[in-house]
Amino acid sequence: MNFSQLPLSKEMLTTLDSLGYKNATEIQSQTLPLILDGKDIIAEAKTGSGKTAAFGIGLLEKLDVKRFRVQTLVLCPTRELADQVAKELRRIARFKHNIKILMLTGGESFGKQLGSLSHQAHIIVGTPGRVLKHLNKESLNLENLNTLVLDEADRMLDMGFLEEVEAVMAFAPKERQTLLFSATYDDAVLSVSKRIQKDAVSVKTTAVEVANKIKEEFYATPNKLETLVKVFAHYKPQNAIVFTNTKVEAKELAENLVKAKVDALAIHGDLEQYERNDVLVQFANKSCPILVATDVAARGLDIKELSMVVNYDIPHGTETYTHRIGRTGRAGAEGIAITLYNSYESEKAEEYQNGAREFLEESRLPAVTNFNMKPQYVTLVIEGGKKDKLRAGDLLGALTGDAGLKGSSIGKIDIYDRQAYVAIERDFISNAEAQLKSGKIKGKKFSVWVL
Ligand code: ADP
Ligand code: MG
């Protein structure tokens, strides 16, 4: 369906066009008419199907910009996800002026959020715990709320946010539209829906969507680490996420991979927020090819162009499996999903037998000699960011000017409030670091280090 077939404003259509969103995705064309019509919905569609824009377009079209009060609240399970949602909303809101979207998530200064809230906002995107804290302290009020969105509702429940979500609901007016989005849903989600929604219309697109092109292979092995390195050596993926079932394992596996000359970082629940961010930035900007993750830690990451997903352990349940491997093979490119299992797991592995999945002999993978996996880039951190009015252009300027690098040696640049990350080709990193350390950016000296 083309967006112009929907009752959307002209400015919205122009924006979508400028974003390169030509046709509505399946979930968008099925939910938008209902959302615009004020219905409560419970929508299920797989990861990457454009759920954010589905509710984002709807809520932005309904927003009364002149009424400078919180009209919409979007709850997300993690800070990264909230950040992605806020970014997508800002992109879609581009052509409507003066829409204020505020993020309220944990791991950030409460005081700063108090300051921002005192200046009001139209839309809040946040995590349940932090939003609730503001509601309890009366720094946030939802009197004017008319739309409430629960994004990744299933995950929110998995992570134990039910109580907090319900407590937040108690602050919202009864007359409101409640939208529930999820990659999967089960009885728990349905029961929450019953309690917080009115006559919710259920929309499910999982079945009609074209399946991702994913090659699924299973290997029985007594030595998973060795097999994993063979898999990497054989397929040479650009990047991969390796899932483990526990955070202890995630940590250990990343260390063991590094010992086996495969550059890897782990992301799990024990990391501080800044450490998480360091890891995610490095993976996304190609400074680390392998990310070892637990399901919780990886949830909601929108990492594009993932060549491979590995289940280092058989996941607990086929839904988790589907969710994990759905991260590869997006946008038409073929992805590879590898699952390793040992003799203790062979019974569980058998439950995964179907026509599409290949159960292969480990011995078909060639022995590994002299293999290593190194990233294309190395990340340089500059202790300065948006608050210091640093822009990507300033960093590019400093690096290509004084430091003498070619623009082509510089990869992704991420600028946060107080820090900036620049991906630089490995051969040029020491030169870049030395130059930035001795020189100035925008006339100012900043601390600089290599991650
Ligand atoms: P989900 O929440 O369903 O996992 P996202 O909302 O994160 O998916 O969207 C996945 C990607 O698809 C994003 O990069 C988004 O910008 C893009 N996208 C969303 N809607 C469209 C569209 N209609 N056409 C093209 N790309 C789109
Ligand atoms: Mg999403």
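As the structure lists them, so they are numbered: ligands from 1, and atoms in each ligand from 1.
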Kindly list each side-chain donor-acceptor pair under 3.5 angstrom involving residues 380-388, sequence neighbours excluded, with atom names and distances?
from, atom 1, to, atom 2, distance (Å)
D388, OD2, G385, N, 2.8

Donor-acceptor side-chain pairing of T339 and R357 below 3.5 angstrom: no
May I ask whether S49 places a heavy atom under 4.0 Å from ligand 1? yes
Going by atom types alone, do Y235 and E217 pair a side-chain donor with an acceptor below 3.5 Å? yes
N/O of A53 under 3.5 Å from N/O of ligand 1, yes or no? no
Say whether K22, considering both its backbone and side-chain N or O atoms, lies within less than 3.5 Å of an N or O atom on ligand 1. no
Is the closest heavy atom of D151 to ligand 1 under 4.0 Å? no
Need the ligand 1 atom indices (1-based, order shown) with element for anything under 4.0 Å from a heavy-atom of K51. 1 (P), 2 (O), 3 (O), 4 (O), 6 (O), 8 (O)
Assess, by modelled atom type and distance only, whether the side chains of Y352 and E350 contain a donor and an acceptor separated by less than 3.5 Å. no
E88 heavy atoms within 4.0 Å reach ligand 1 at atoms 15 (C), 16 (O)
Any idea which of E26, Q84, M1, Q28 brings a heavy atom closest to atom 19 (C) of ligand 1? Q28
Which is closest to atom 8 (O) of ligand 1 by heavy-atom distance: G50, S29, A43? G50
Above 12 or not: heavy atoms from other molecules or residues under 6.0 Å from CG of N354? yes
Consider ligand 1: state whether an atom of it lies below 4.0 angstrom from any non-hydrogen atom of E152. no
Ring-face cation of K412 near Y377 (centre distance under 6.0 Å, axis angle within 45°): no
So does K348 have more than 12 non-hydrogen atoms from other groups sitting under 6.0 Å from NZ? yes
At less than 4.0 angstrom from any non-hydrogen atom of K46, what atoms of ligand 1 do you find? 3 (O)
Heavy-atom proximity to atom 2 (O) of ligand 1, best of T52, L19, N2: T52
For residues T320 and D295, is any side-chain donor paired with an opposing acceptor at under 3.5 Å? no
Pairs satisfying side-chain hydrogen bond (donor to acceptor under 3.5 Å, both in side chains), at least one member in residues 114-132, at least two apart: Q113-R130
In ligand 1, the atoms that come under 4.0 Å of a heavy atom of T47 are 4 (O)
Heavy-atom contacts under 4.0 Å between F3 and ligand 1: side chain, backbone, both, or neither? side chain
